[in-house]
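One-based numbering along the sequence shown. Atom set for the values below is all heavy atoms of this structure, side chains included, hydrogens, waters and symmetry mates excluded.
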Amino acid sequence: EAAWARHANPWSGWTRVPALPLLALAIWSRDWLGWWALLPVVALLAWLWVNPRLFRPPRDETAWMTRGVLGERLWLARDETPVPAHHRRAPNILSAIGAAGVLLAIGGLAMRAGWAVIAGVAVAMLAKLWFIDRMVWLHQDMTKERE
């Protein structure tokens with residue numbers, strides 16, 4: 001509960017956005033750094049763990065990223081509190097597209113194919129940002145219903 005409240009701080013959300021390209025770069029750096037490439041990978045994973053605990057809860061819900069995180073929380077609780085019908089399909093499709101992008105990036109990292117890494121990361125990030133936008137809409141619709 002407290003971690004979600006802190007993660008809803010827009011600084012928390014926006015500082016996590018570059019995580020995937022930075023992770024891909026850290027893994028790609030194994031060509032230049034050898035085993036030392038594990039240091040940026042571990043540092044990034046530590047950041048992702050610390051991040052939602054680091055920031056204060058937001059003062060209000062006006063920021064786009066705040067509403068996106070709160071909407072994601074509503075989406076994850078959809079078994080307890082059903083979401084409106086027009087919000088049930090798009091998040092799953094966007095998650096699948098994002099997963100396909102991540103798989104392409106992983107394949108590119110394994111084969112050292114830069115084009116696949118870049119394309120995969122781009123697809124995954126665009127899908128994630130679109131997903132967050134859908135979560136903003138979900139949050140807006142569900143908080144409007146409560147009023």
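Both L74 and L94 belong to a single network of hydrophobic side chains, linked directly or stepwise wherever heavy atoms of I, L, V, M, F, W or Y lie under 4.5 Å apart. There is a path of hydrophobic side-chain contacts, each under 4.5 Å, that joins L25 to L23. In this structure, V102 is a member of the same hydrophobic cluster as L109, with clusters built from ILVMFWY side-chain heavy atoms closer than 4.5 Å. Placement of W14 and V69 within a single hydrophobic cluster is found when ILVMFWY residues are connected by side-chain heavy-atom separations under 4.5 Å, directly or transitively. In the hydrophobic clustering of this structure, L70 does not group with W130; members are Ile, Leu, Val, Met, Phe, Trp, Tyr whose side-chain heavy atoms approach within less than 4.5 Å, directly or through other members.
With sequence neighbours excluded, the residues forming a side chain to side chain contact (heavy atoms under 4.5 Å, CB included) with R73 are E1, W4, listed by chain and number. Legend: residues meeting side chain to side chain contact (heavy atoms under 4.5 Å, CB included) with P91, ordered by chain and number and at least two apart, are W75, F131, M135. Residues passing the side chain to side chain donor-acceptor pair (under 3.5 Å) test with D79, sequence neighbours excluded: none. Contacts of D133 classified as side chain to side chain donor-acceptor pair (under 3.5 Å), with partners at least two apart in sequence or in another chain: W64. Every side chain to side chain donor-acceptor pair (under 3.5 Å) that W137 has, sequence neighbours left out, goes to D141.
Within the structure, salt bridge (Lys or Arg N to Asp or Glu O under 4.0 Å) contacts touching residues 43-62 (residues at least two apart or in different chains) do not occur. Pairs passing the salt bridge (Lys or Arg N to Asp or Glu O under 4.0 Å) check and including a residue from residues 84-103, sequence neighbours excluded, do not occur.
Side-chain contact between R16 and H7: present, with at least one pair of heavy atoms (C-beta onward) separated by less than 4.5 Å. You'll find the side chain of N9 stays beyond 4.5 Å of the side chain of L54, heavy atoms only. Contact annotation: the side chain of L138 approaches that of V83 to within less than 4.5 Å [non-hydrogen atoms, C-beta and beyond].
What you find for A5 and P58 is that their closest heavy atoms are O-CD, 3.2 Å. Residues A26 and S29 share a closest heavy-atom pair of O-OG, 2.5 Å.
When atom types are taken as modelled, the side chain of R30 and the backbone of I27 share a donor-acceptor pair closer than 3.5 angstrom. Using modelled atom types, no side-chain atom of S95 and backbone atom of N92 make a donor-acceptor pair closer than 3.5 Å. Side chain of S12 to backbone of A8: no donor-acceptor contact under 3.5 angstrom is found.
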Donor-acceptor pairs under 3.5 angstrom involving side-chain atoms of residues 113-129: please list them, not counting sequence neighbours.
none

Side-chain polar contacts of residues 31-48 - donor-acceptor pairs under 3.5 angstrom, sequence neighbours left out - could you list them?
{"unit_1": "D31", "atom_1": "OD1", "unit_2": "R112", "atom_2": "NE", "d": "2.6"}
{"unit_1": "D31", "atom_1": "OD1", "unit_2": "R112", "atom_2": "NH2", "d": "2.8"}
{"unit_1": "D31", "atom_1": "OD2", "unit_2": "R112", "atom_2": "NE", "d": "3.3"}
{"unit_1": "W47", "atom_1": "NE1", "unit_2": "T15", "atom_2": "O", "d": "3.4"}

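Environment of CH2 in W28: crowded, with over 12 heavy atoms of neighbouring residues, nucleotides or ligands closer than 6.0 Å.
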I'd like to know whether R67 forms a side-chain contact (heavy atoms from CB on, under 4.5 Å) with T62, so could you lay out the CA-CA distance, the side-chain angles of the two residues, the decisive distance to 0.1 Å, and finally the verdict.
CA-CA 7 Å; R67 290 178 285 136; T62 58; 5.7 Å; no

